[in-house]
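In what follows, a structure is listed as structure tokens, so that the remarks can point back to it.
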Amino acid sequence: MTLVEKAKRLCTNGSVNCVIEYVFDGSRYRCIVTDPELESVGLLYGSFTLLLAGVSCPRVGNPRLNPPTPSEPFAVEARNFVELRLLQRELKITLHGTDKSGVCLVGTVHHPRGSIGAEVLKNGLGRISDWTIRMMSPGDVPPLRIAENAAKRANIGVFESYAPPTLTGASEFVGTVVEVLTGDTLLILPNGETYDDESKLKKISLASIRAPRAGNERTGKPDEPYATECKDRLRVLTVGKPVKVNIHYEKEIPMGANQTEKRQFGTVSVGKREDVGEVLIAESLATTQRHRDDDEKSIRYDDLVAAESIAKAAKKGIHSEAEYKKKTVNDLSDPKKAKTYASTLERAGMTKAIVDYCFNGSRFKLFVPSENCYIVFALSNIRCPQPSPNQGALSRGQAKAAEPFGDNSKRHSRLNVLQRSVEISCNGVTNGGVMTGDLFVGSGAQRRDFGIELVASGLATVDQRKIDYGEAPKALVDTQTAAQSNKLGIWSVKQVTKNEPKTKSYDKAEERAVDIQISEISNGNSFFFRVVGDESAKVIDDSMKIFTETNGTAAAPCEVKPGKVVAALFNDGSSNSWYRAKILEKTANGKAKVLFVDHGNVATVSPATHLRPLDMSLATESIPAVAKEAQLALIKVRPLDEDDGLDAARMFQGAAWGKDLKARLHGETDGKVVVTLYEGDVDAPSINENLTAAGLARIGKKYEMYDLLDRMGNSDSLGKLVKDLQAAQESARTSRKGMWIYGEIPEEDEE
């Protein structure tokens, strides 16, 4: 049992009678125990070194050392001041504890005329010692603070050159918390400021508070225990609420290589809570900052220390002796995971979530507590302009140019939904793993649809496709119409269609119906065909047979140049024969990639063994290519390297290969004939419609549809096709077939 414990147990009021035998300096003494109550434990007339609790005085030099050490300024004055009042006097001392080594005791000396510590501080002969004042009773601390502040104001003793901290801005302001960056740092928008730039936000750290530090995924540094809980508690206390901030001091904070940031530290009050930092400490989520004796502190530092003492006694949170177990959260930003969980969120209906990050005005990272997961969420039916790229995108070279009102839209979302509790209703997931749906913010009479709010402010537009197909909610369309008429936000500037290709040129042609046969299928939407009964097909087939009989199958030197039409050898299953072929490119290994123009298939061949010049009479200028390249009208399919694209090609092959088909030819675009295909009667559902109904194709872009419709004029067949395709697509979408299995397909997934 130590002297401190014995004194508390045996001595009256826990105070020991001692004689101050020697004064080393103003706050360090050698004491002799004269208390008879400690005689029974053999401590009577024992000696110990005492550190005066709450006070640190300048050190007196030692002339006996070689070289001798000089005294610090005011050290001699402080020792003389104490010697005059304490030396060789028997006084009561309350012991609080020991230093780290356990050699020196820390205690308070009770003088009949008052506190010697307060007198030392009042005369500027010492400073408050942060680590020893923590051992004192909270009720004994205020007199020491008052005494030190009086010496600072008078600029006496060790404070003769003291100057109050200079602040770059107001020492007090009122504002709204926009974002909680860490467990002790916030971004606040002062009242009266318009949030038109990020520089308008003030970064404030809680004075004398140390929250657990967040880790760094890139460097593999983990979060400190309770970092997440502390940040979330501060979010609940402050985000979106009016706060009062009192700035106490500023510091230069290192921010990377040779960079610093001047940070303001202060007390943040919200509602009836005088200091949110004290709340974090009381709930065992943060600790008080260990300051150096000459550092500036919070004016409520002693209250914070008292709250921490109570929290330590409770042994909860960061003071708990139990091992911390971090809560694992499922991250559904991965597309595969997102698609797997999509149906769960859709069935859940209205779900509560917390907005963790704003990518732009309508795309967010959300935390869904009920599912314990993070998701990337985008508002359905609307699109917000692209904001300015962040530093990370710039450094990776992935920056996209900002669009008008992109930053305004993002700031609006940051100000109104960032780190707020919201409600979402999911209705689909994109191919990139982004959940889509509606988001509602606020509660009671203040509850509102955030998508409508963005559109009403002119900070978002309704997806034109949804308007054209009648899928956009009427409320959204009406809201956009009102914003347009009032020329708000986006509508105040001239609209430029983003990433929309120039109108494709269609060759003027009369619509006609013909019988065809498919000669090659490139994918679920592109193919080559021959017109049944075409005399030129019979002529070229017979001519190439004669060419083969005349020249044999031996190759001959010819110019291998892209675009040149030559004779290429091909085995049709029975024998090798020559066919007309256009050279597409010359490969790196010396071979040539060719397109057989009368059939549509592509092959890579060796020029030395599979090519020879073509007779002039057989050139495509004399006899045009028999196989016509075509695409199914008004629909799009996925590429062959995706499952839906491969399934579309297989379905197309099963419906069309080896059959005589009915085809409506609507003209040409980019060298391809635009076709509606029918397996039998033209009044039956088309292959275009069947692929769409199976969810393996979708309706193309609106400008493509309008261009074709405009070119054909009042075409009854195309008008009927548009309606049939819309009905088929709606059926596939509601039934979740094919590419619609995860719900809506946003605009960014359609390229």
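The chain is numbered in sequence order, starting from 1. Computed over heavy atoms, backbone and side chain alike; hydrogens, waters and symmetry mates excluded.
Side-chain atoms of E403 come within 3.5 Å of backbone atoms of Q386 as a donor-acceptor pair (strictly under, hydrogens ignored). Side chain of R290 to main chain of T288: a donor-acceptor pair is present (N/O by atom type, distance under 3.5 Å, no hydrogens or angles). Between the side chain of D438 and the main chain of S380, no donor-acceptor pair closer than 3.5 Å is present. Remark: the backbone N or O of S129 is not paired with any side-chain donor or acceptor of R134 at under 3.5 angstrom. Counting only distance, with no hydrogens or angles, the side chain of N360 and the backbone of G406 share no donor-acceptor pair below 3.5 Å. With S333 contributing its side chain and V376 its backbone, the two residues share no donor-acceptor pair below 3.5 Å. With hydrogens and angles ignored, the 3.5 Å screen pairs a side-chain donor or acceptor of N486 with a backbone N or O of A482. Checked by atom type and distance alone, the side chain of D407 pairs as donor or acceptor with a backbone atom of S388 at under 3.5 Å. Not one N or O on the side chain of E296 forms a donor-acceptor pair closer than 3.5 Å with the backbone of Y249. S208 contributes a side-chain N or O that, together with a main-chain N or O of S298, makes up a donor-acceptor pair within less than 3.5 Å.
For F364 and F377, the distance between ring centers is not under 6.0 angstrom.
Within a 6.0 Å radius of CD in Q446, no more than 12 heavy atoms belonging to other residues, nucleotides or ligands are found. Few gaps surround OH on Y226; more than 12 heavy atoms of other groups in view lie less than 6.0 Å from it. For K241, the NZ atom is densely surrounded, since the number of other residues' heavy atoms within 6.0 Å is greater than 12. Atom NZ of K152 has more than 12 neighbouring heavy atoms from other residues, nucleotides or ligands inside a 6.0 Å radius.
Considering K200, R414, R411 as possible partners of Y195, the one that fulfils the side chain to side chain donor-acceptor pair (under 3.5 Å) test is R414. Of the residues listed (D184, D223, T182), the one engaging R213 in a side chain to side chain donor-acceptor pair (under 3.5 Å) is D184, and it is the only one. Evaluated for a salt bridge (charged side-chain N to carboxylate O under 4.0 Å, His left out) with E224, the options K231, K326, R210 yield exactly one hit, R210. L304 pairs in a side chain to side chain contact (heavy atoms under 4.5 Å, CB included) with only one of the listed residues (I209, T287, T267), which is I209.
Looking only at atom types and distance, the side chain of T168 has a donor-acceptor partner in the side chain of E250 under 3.5 Å away. A side-chain donor from one of Y301 and D130 sits under 3.5 Å from a side-chain acceptor of the other. Judged by distance alone, the side chains of T194 and D196 never bring a donor and an acceptor atom under 3.5 Å apart. Defined by atom type and a distance below 3.5 Å, a donor-acceptor pair is missing between the side-chain atoms of E308 and H319.
Closest heavy-atom contact between A460 and I382: CB-CD1, 4.1 Å. The shortest heavy-atom contact between A151 and F159 is CB-CD1, 3.7 Å. Across all non-hydrogen atoms, the minimal contact from P190 to F173 is CB-CD1, 4.2 Å.
Taken from NZ in K312 to OG in S284, the straight-line distance is 10.5 Å, to the nearest 0.5 Å.
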Legend entry - Pair S413-L454, side chain to side chain contact (heavy atoms under 4.5 Å, CB included): steps then yes or no: CA-CA 9 Å; S413 293; L454 286 171; 4.2 Å; yes
Inset, instruction - Could you give me the CA-CA distance, side-chain angles and deciding distance for V305 and I133, then say whether side chain to side chain contact (heavy atoms under 4.5 Å, CB included) is met? - result: CA-CA 9 Å; V305 173; I133 204 172; 5.9 Å; no
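Between D293 and R127, no side-chain nitrogen of the basic residue sits less than 4.0 Å from a carboxylate oxygen of the acidic one, so the salt-bridge criterion is not met.
When side chains are defined from C-beta on, V279 does not count as touching L285, because their heavy atoms never get closer than 4.5 Å.
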